[in-house]
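Start at 1 and go down the list; that is how both ligands and their atoms are numbered. Quantities reported herein were computed from a predicted structural model and do not represent experimental measurements.
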Amino acid sequence: MAVLLSSTALSAVVARLRAAGCVFAEDEAALLVSAAADGPGLDLLVGRRAGGLPLEQVVGWAEFRGSRVEVDPGVFVPRRRSEFLVAEAVALARPGDVVVDLCCGSGALGVALAEAVAGLELHAADVEPAAVRCARRNVARAGGRVYEGDLFGALPGPLRGRVGVLLANVPYVPSGEVRSLPAEARLYEPKVALDGGADGLEVLRRVSREAPEWLAPGGHLLVEVSGRQCGRAVEVLAAGGLVARAVRSKEWGSCVVVGSRPRVHG
Ligand SMILES: C[S@@+](CC[C@H](N)C(=O)[O-])C[C@H]1O[C@@H](n2cnc3c(N)ncnc32)[C@H](O)[C@@H]1O
């Protein structure tokens, strides 16, 4: 795909995007031109973007750790800062590990981990049917399976006690702050993907209560929170019975908390 445009027509697209508030209007115009099949198709894509739809949902993919991940309308757009969480997981995963990407959205995190470490057995789950449909296409490329349902309730029972790496990029925005998010997130990503309850850590509390029984001895739970939630998130994972530590990213202003199940219970 890609439309051939005169420089005047391209400038008109750039101007339309800029007028709609797109800061990187030239780059976005180039992406939309490459994604469109023909002139009317381009007009449609530019209209959607100018109307506020996230660029990734308009073109149907996002870049994550150097690969394209399909992203449908209504599905959380994987954030580049979550590459930090995946990098921490890559350092901990061992070939042959069972990996679960809980709250998987598009499935970007689990797929990226499976692409970086050979021989993983990937499972993913989400409560949102649109996310599950989208993740099934992405996760298939890593040979994994995707389930629909509420947190661990979606997973097949035989995974209990076998998970080597549990990724859980759960919603962590405090409810009172959802209304302050950029319009792209607030209007075009589902609230269930963003809202983490009163202090943003409600879903994380639920995950950390159940995680120890799903993790294999020596297995790891990895979650992402904002920098200011870091200390409390460590306490949440420790309260669930895991040995917890935080790794901060200056670049993204975020924090990854790793909770590990001891190999031997004392
Ligand atoms: C912040 S998004 C992260 C998506 C994906 N992991 C990523 O990083 O791109 C949170 C995801 O959690 C899902 N979710 C929220 N509550 C859930 C629940 N109770 N059970 C399963 N999934 C849930 C949402 O549908 C959404 O896809």
Side-chain angles (χ1 to χ4, degrees), residues 54-57 60-65 67-90 99-115 122-139 142 144-156 159 165-175 177-178 181-182 184-186 188-198 200-211 214 221-226 229 233 249 252 254-257:
L55 181 66
E56 294 84 353
Q57 292 179 359
W61 58 270
E63 191 184 322
F64 192 79
R65 270 183 72 96
S67 290
R68 281 191 182 191
V69 179
E70 292 189 35
V71 181
D72 294 340
V75 175
F76 182 87
V77 176
R79 308 297 203 259
R80 298 298 296 270
R81 67 171 166 266
S82 301
E83 293 181 2
F84 179 57
L85 184 153
V86 174
E88 291 300 316
V90 168
V99 169
V100 169
D101 184 357
L102 203 63
C103 296
C104 67
S106 66
L109 277 51
V111 171
L113 178 55
E115 285 178 347
L122 176 61
H123 301 263
D126 201 284
V127 75
E128 270 282 301
V132 170
R133 279 195 298 276
C134 180
R136 283 201 170 121
R137 300 199 304 277
N138 290 315
V139 168
R145 311 262 329 251
V146 184
Y147 315 96
E148 181 178 328
D150 182 39
L151 298 184
F152 295 96
L155 299 178
L159 291 184
V165 176
L166 175 57
L167 306 172
N169 189 18
V170 304
Y172 58 81
V173 180
S175 302
E177 294 176 22
V178 171
L181 290 173
E184 286 185 10
R186 203 168 16 88
Y188 298 104
E189 293 180 321
K191 194 165 177 243
V192 69
L194 307 168
D195 191 338
L201 301 177
E202 286 301 327
V203 186
L204 185 60
R205 281 189 188 90
R206 291 186 56 210
V207 169
S208 66
R209 275 197 290 269
E210 280 195 67
W214 290 87
L221 163 66
L222 292 99
V223 306
E224 173 190 298
V225 290
S226 69
Q229 292 168 319
S249 163
W252 298 109
S254 66
C255 163
V256 166
V257 181

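- Between the side chain of E148 and the main chain of E128, no donor-acceptor pair closer than 3.5 Å is present.
- For the pair L102 and L166, the minimum side-chain heavy-atom distance is below 4.5 Å.
- With respect to E189 and R79, a salt bridge is recorded, a charged nitrogen being found less than 4.0 Å from a carboxylate O.
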Report every pair formed by an N or O atom of ligand 1 and a protein N or O atom separated by less than 3.5 Å, giving atom names and the distance to 0.1 Å.
from	atom 1	to	atom 2	distance (Å)
ligand 1	6 (N)	C103	O	2.8
ligand 1	8 (O)	N169	ND2	2.8
ligand 1	19 (N)	D150	OD1	2.7
ligand 1	20 (N)	L151	N	2.9
ligand 1	22 (N)	V127	N	3.2
ligand 1	25 (O)	D126	OD1	2.6
ligand 1	25 (O)	D126	OD2	3.4
ligand 1	27 (O)	D126	OD2	2.7

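- The pair R81-E224 counts as a salt bridge, with a side-chain nitrogen and a carboxylate oxygen less than 4.0 angstrom apart.
- Under a 3.5 Å cut-off, the side chain of D101 and the backbone N or O of A124 do not form any donor-acceptor pair.
- Electrostatic pairing of R65 and E83 does not count as a salt bridge here, judged by no charged N lying under 4.0 Å from a carboxylate O.
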